[in-house]
Amino acid sequence: MLVKPAICYHQTAMSAGYVYDPIYLKHDTGQHVEVAARLVAIIAYLEKTGLTSQLTLIEPRPATVDEIALVHRRDYIKGIEEKAAGGGGWLDPDTVMSAGSYEAALYAAGGLIRAVEAIMGGEVSSAFALVRPPGHHATSRQAKGFCLFNNIAIAARYALDKYKLERILIIDFDVHHGNGTQEAFYDNPRVMYISTHQYPFYPGTGSLDETGGGAAKGTNINIPLPAGCGDAEYLKVFEQIIVPAARRFNPQLILVSAGYDNHWADPLAMMEVSVTGFGQMTEIIKGLADELCGGRLAITLEGGYNLDALAASVKATFDILLGNNASDPLGQSSRSFGTADIDRLIEAIKEIHKLP
Ligand SMILES: [Zn+2]
């Protein structure tokens, strides 16, 4: 498993990488929805469909404790290490870990850091870190919602410091609000956090009026959607809120918390997005990265619990990164909730954030 050298003079505009390592399967959650089989299904599908041969494998490394501590308290990190050494156990009613979870979690954060390094070093223009445990619910001092360390927050803090960046945009389209990521950058004007999520719903945060504190006011944009939203509603908020907000912020790097638990077949939530919809969202995000920051786009896996929908949606995401046509083997939802009326919500968010 070779990784391309840091400087590659012959890369194409479409070069995309993926982070994966079997170490992520060592986070053993037992009887749970967030299981190792998720990544096994994704990798098997990418291999079966020939996608992996079009991608550059980026080998992960463990994040250092100092890197994890960019976001998390050191006593919390120590606690996770000690819990793993003791064989694991439950951390909250949803979140469980095993003996291998500490190491897997270090590699999950380190995997996304490596993706950022590969992008900033010019090895690839975009990359998707296929890692677990996921991260966006983890706060500075608390494991939550299947998450131990907040991979995307750690990678963003790392990128700010290492590459002296001034503006990073995080887009989080997981069906749940990324409370941990919001917390990490709530008062930091250098990171804009935009989240679409079912609301009201777990974890309870993510209302319209959480907009950032102090000098960071306006850099936290929540898009709390009613249950039943599908491709049309998501595309509307992407086009009418996320695109103008991203253009105004003008990021130097875009990071994405990609959760596929808003797929219609997902067992945890009540959204109606299709694989095609995820492809269209990725197309918009990739378009923003190409327009605003030289294509620099790093994606990390958060949720998604129907294995077929997850694997097909991740493949569609890669297809867009590569410039391929994406396909949708699952089609549209057969349920009909009717189109959710989100126009007033969009107007309210535009008003709050003074968007055109
Ligand atoms: Zn989720």
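All values below were derived from every heavy atom in this structure, side-chain atoms included, with hydrogens, water molecules and symmetry-related copies excluded. Order of listing sets the numbers, starting from 1, for every ligand and every atom in it.
- No other N/O/S atom of Asp261 lies as close to the Zn ion (ligand 1) as OD2 does.
- Residue contact annotation: Asp174 places an N/O/S atom under 2.8 Å from the Zn ion (ligand 1).
- Other residues, nucleotides and ligands contribute only 12 or fewer heavy atoms inside 6.0 Å of the CZ atom of Arg141.
- The nearest N, O or S atom of His136 is not closer to the Zn ion (ligand 1) than 2.8 Å.
- Of the N and O atoms on the side chains of His136 and Asn150, not one donor lies less than 3.5 Å from an acceptor on the other residue.
- Looking only at its N/O/S atoms, His176 has ND1 as the one nearest to the Zn ion (ligand 1).
- Hydrophobic clustering, with ILVMFWY side chains joined whenever heavy atoms are under 4.5 angstrom apart, groups Leu297 together with Leu57.
- When ring centroids are compared, Tyr305 and Phe146 come within the 6.0 Å threshold.
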